[in-house]
Amino acid sequence: MRAWKEAASLILAARHTQKSIRSSCSNYNYNLLWLKRHQNSKFMANAYVFPGGEIDPSDADLKWHNLFSTFGIDENSFKSLTPNTSARPQIFKPKPNELSRDVSLRISAIRETFEECGVLICKQLQKVTNDFGWAQYVKISKNELQDWQSRVHNDATEFYTLCENFNCYPDLWSLYEWSNWLTPTYTNGKRFDTAFYLACISTTPSTVCEPTEMQDLKWDEPGNFLVSSPDVILPPPQQYEIRRIGKFESIDNLLSFAIDRTKTGVFLTMPVLIKLRDGTVLVLPGDSMYPEQVNLIGTQIIDRTDITQHEFRDMSPVKNRMEFLDFQVKEIYIQNFDIADGRPTPLE
């Protein structure tokens, strides 16, 4: 049995023209879609996350080639989805008799996004536009939407049927590889190896929250999630990634950056927990104190309760870490650190 499950998540940004009342100091022209996990959830209850979830075998079924071929899309068209690097994390490694992981993981992210909030990131032949790089979505009437959400939630194979029914195909080429996070070993619950993608849409679509997994959803500017609050719980990956995205106030600049850097691929990020006298720290790859040998399966907790957080900072020339309490990140420290795969360092 594997130590973790594999998942895909979609960071969805939508352009807006209204000035946020709460973000008066920023000039963001876009919102991000956030989902609040159900209070009874066994994993990250009440936390705000990006749409996404566990991959399903149907996402990698070779029959997807049949659907794409009806739109004139052959296997060569998928080559542009694969980064120009041989150093790929395990989640992207190909498996026999399946679609390429660069295809199937994107299908998983699109399927989960539809299931959880009703946004169908797909293209229809008659609606192909010249908006290069921007994601397209298919509008579905509310009555049909809730029915299809339920069907896909209960049976992932129904997503293929959905695409056939609405004569559309997953808009894979508008999903840009953003990051790859593995749940740390110190957690006692479920662990996920998750591929994160980013997509940008030019208008805000209607959404319908799937009630069995999510209790709420919201569109909000990145700036409104940069500061921790008791009402908004963000898991470490979301807290870290929002501070990367928060560097881009313009959605056009965010999209241009995502298009350019997706060609280089990503590296695996797995935090390692360090206990200190007055708190705990998650160190990330690249930090001076990140272990040379990382155990991806067995529990790995480093005990440095002989020193304080301040002393631990002083002894680390290169910092890439999160100081946190429970699941809520308190501080993110970046110093003398350049991310090897080209992603922006987070705002501090």
Tell me, with the steps shown, if Thr185 and Met270 meet side-chain contact (heavy atoms from CB on, under 4.5 Å). CA-CA 9 Å; Thr185 59; Met270 191 193 80; 4.2 Å; yes
Step-by-step side-chain contact (heavy atoms from CB on, under 4.5 Å) determination, Ile274 to Ile301: CA-CA 6 Å; Ile274 299 181; Ile301 298 175; over 6 Å; no
Run the side-chain contact (heavy atoms from CB on, under 4.5 Å) check on Thr85 and Thr264 step by step: do they pass? CA-CA 6 Å; Thr85 177; Thr264 63; over 6 Å; no
Given the rule in the salt bridge (Lys or Arg N to Asp or Glu O under 4.0 Å) test, do Asp74 and Lys79 qualify, once you have shown the distances and angles that lead to the verdict? CA-CA 10 Å; Asp74 59 22; Lys79 292 181 179 179; over 6 Å; no
From CA spacing to verdict: ring pair (Phe, Tyr, Trp, His ring centres under 6.0 Å), Phe78, Trp64: CA-CA 12 Å; Phe78 300 121; Trp64 280 100; over 10 Å; no
Show, in sequence, the C-alpha distance, side-chain angles and deciding distance for Leu81 and Trp173, and conclude whether the side-chain contact (heavy atoms from CB on, under 4.5 Å) test is met. CA-CA 7 Å; Leu81 300 175; Trp173 295 267; 3.6 Å; yes
Do Asp155 and Thr157 pass the side chain to side chain donor-acceptor pair (under 3.5 Å) test, and can you show the C-alpha distance, the side-chain angles, and the key distance before you say yes or no? CA-CA 5 Å; Asp155 182 1; Thr157 64; 2.7 Å; yes
Does Tyr176 form a side chain to side chain donor-acceptor pair (under 3.5 Å) with Asp260? I'd like the steps, not just the answer. CA-CA 9 Å; Tyr176 303 103; Asp260 185 60; over 6 Å; no
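The closest donor-acceptor contact from the side chain of Asn154 to the backbone of Ser150 lies under 3.5 Å. Distance alone, capped at 3.5 Å, places no donor-acceptor pair between the Asn27 side chain and the Glu249 backbone. Panel note: side chain Ser108, backbone Ser104; a donor-acceptor pair is recorded below 3.5 Å. One N or O on the side chain of Ser316 and one on the backbone of Phe312 form a donor-acceptor pair closer than 3.5 Å. In this structure, Gln300 contributes its side chain and Asn295 its backbone to a donor-acceptor pair below 3.5 Å. Between the Thr305 side chain and the Lys275 main chain, no donor and acceptor come within less than 3.5 Å of each other. Counting only distance, with no hydrogens or angles, the side chain of Ser288 and the backbone of Val318 share a donor-acceptor pair below 3.5 Å.
Remark: the Thr161 side chain and the Glu164 side chain contain no N/O donor-acceptor pair separated by less than 3.5 Å. Donor-acceptor pairing under 3.5 Å is recorded for the side chains of Asp56 and Ser58. At a cut-off of 3.5 Å, with distance as the only test, no side-chain donor of Thr308 or Asp278 sits close to an acceptor on the other residue. Remark: the Glu158 side chain and the Trp148 side chain contain no N/O donor-acceptor pair separated by less than 3.5 Å. Thr212 and Glu210 share a donor-acceptor pair across their side chains, judged by distance under 3.5 Å alone. Between the side chains of Tyr30 and Asp252, no donor N or O sits under 3.5 Å from an acceptor N or O. Remark: the Ser174 side chain and the Gln136 side chain contain no N/O donor-acceptor pair separated by less than 3.5 Å.
Around NZ of Lys142, the count of heavy atoms belonging to other residues, nucleotides or ligands within 6.0 Å does not exceed 12. Other residues, nucleotides and ligands contribute over 12 non-hydrogen atoms within 6.0 Å of the CG atom of Asp306.
By the 4.5 Å heavy-atom criterion applied to side chains, Leu234 and Trp34 are counted as neighbours. Side-chain contact check for Phe196 versus Leu10: every heavy-atom pair is 4.5 Å or farther apart. When side chains are defined from C-beta on, Asp61 does not count as touching Leu99, because their heavy atoms never get closer than 4.5 Å. Contact annotation: the side chain of Pro237 never approaches that of Thr194 to less than 4.5 Å [non-hydrogen atoms, C-beta and beyond]. For the pair Arg304 and Met315, the minimum side-chain heavy-atom distance is below 4.5 Å. For the pair Val266 and Phe92, the minimum side-chain heavy-atom distance is below 4.5 Å. The shortest distance between side-chain heavy atoms of Val208 and Cys117 does not fall below 4.5 Å. Residues Val272 and Ile302 have side chains in contact (heavy-atom distance under 4.5 Å, counting atoms from C-beta outward).
Contact detail for Thr204 and Ala14: the closest heavy-atom pair is OG1-CB, 3.7 Å. Closest approach of Leu67 to Cys168, counting heavy atoms only: CD2-O, 3.8 Å. Closest non-hydrogen pair, Gln238 versus Tyr48, comes out as CG-O, 4.0 Å. For the residue pair Phe159 and Pro170, the shortest heavy atom distance occurs at CE2-CG, 4.2 Å. The two residues Leu296 and Arg191 have their closest heavy-atom pair at O-NH1, 2.8 Å. Residues Ala8 and Ala109 come closest through the heavy atom pair CB-N, 3.8 Å.
When each of Glu116, Glu112, Glu115 is paired with His153, the side chain to side chain donor-acceptor pair (under 3.5 Å) condition holds for Glu115 and for no other. When each of Lys263, Arg261, Arg101, Arg88 is checked for a salt bridge (charged side-chain N to carboxylate O under 4.0 Å, His left out) with Glu177, only Arg88 meets the rule. In summary, of the residues considered (Leu120, Asp171, Thr203, Thr113), a side chain to side chain contact (heavy atoms under 4.5 Å, CB included) with Tyr137 occurs for Thr203 alone. The side chain to side chain contact (heavy atoms under 4.5 Å, CB included) test with Asp193 is passed by exactly one of Ile91, Ile55, Thr183: Ile91.
Asn167 CG to Cys122 SG: the interatomic distance, rounded to the nearest 0.5 Å, is 11.0 Å. The OG1 atom of Thr269 lies 10.0 Å from the CZ atom of Phe267; values are rounded to the nearest 0.5 Å. The CG atom of Leu62 sits 8.0 Å away from atom CD of Glu75, with the distance rounded to the nearest 0.5 Å. In this structure, CZ on Arg243 lies 13.0 Å from CZ on Phe225, to the nearest 0.5 angstrom.
Salt-bridge annotation for Glu323 and Arg313: present, with a side-chain N of the basic residue lying under 4.0 Å from a carboxylate O of the acidic one. Using a 4.0 Å cut-off between a side-chain N of Lys or Arg and a carboxylate O of Asp or Glu, Glu98 and Lys95 do not qualify as a salt bridge. For Glu54 and Lys190, the salt-bridge test fails: no basic side-chain N is under 4.0 Å from an acidic carboxylate O. Between Asp216 and Arg37 no salt bridge is recorded (no basic side-chain N to carboxylate O distance below 4.0 Å). Note on Arg321 versus Asp287: salt bridge recorded, some NZ/NE/NH1/NH2 to OD/OE distance being below 4.0 Å.
Annotation: cation-pi geometry not satisfied between Arg111 and Phe114 (NZ/CZ under 6.0 angstrom from ring centroid, within 45° of ring axis). In this structure, Lys123 forms no cation-pi arrangement with Phe71, as its terminal cationic atom is not both closer than 6.0 Å to the ring centre and no more than 45° off the ring axis.
Taking the centre of each ring, Phe248 and Phe257 come in below the 6.0 Å mark.
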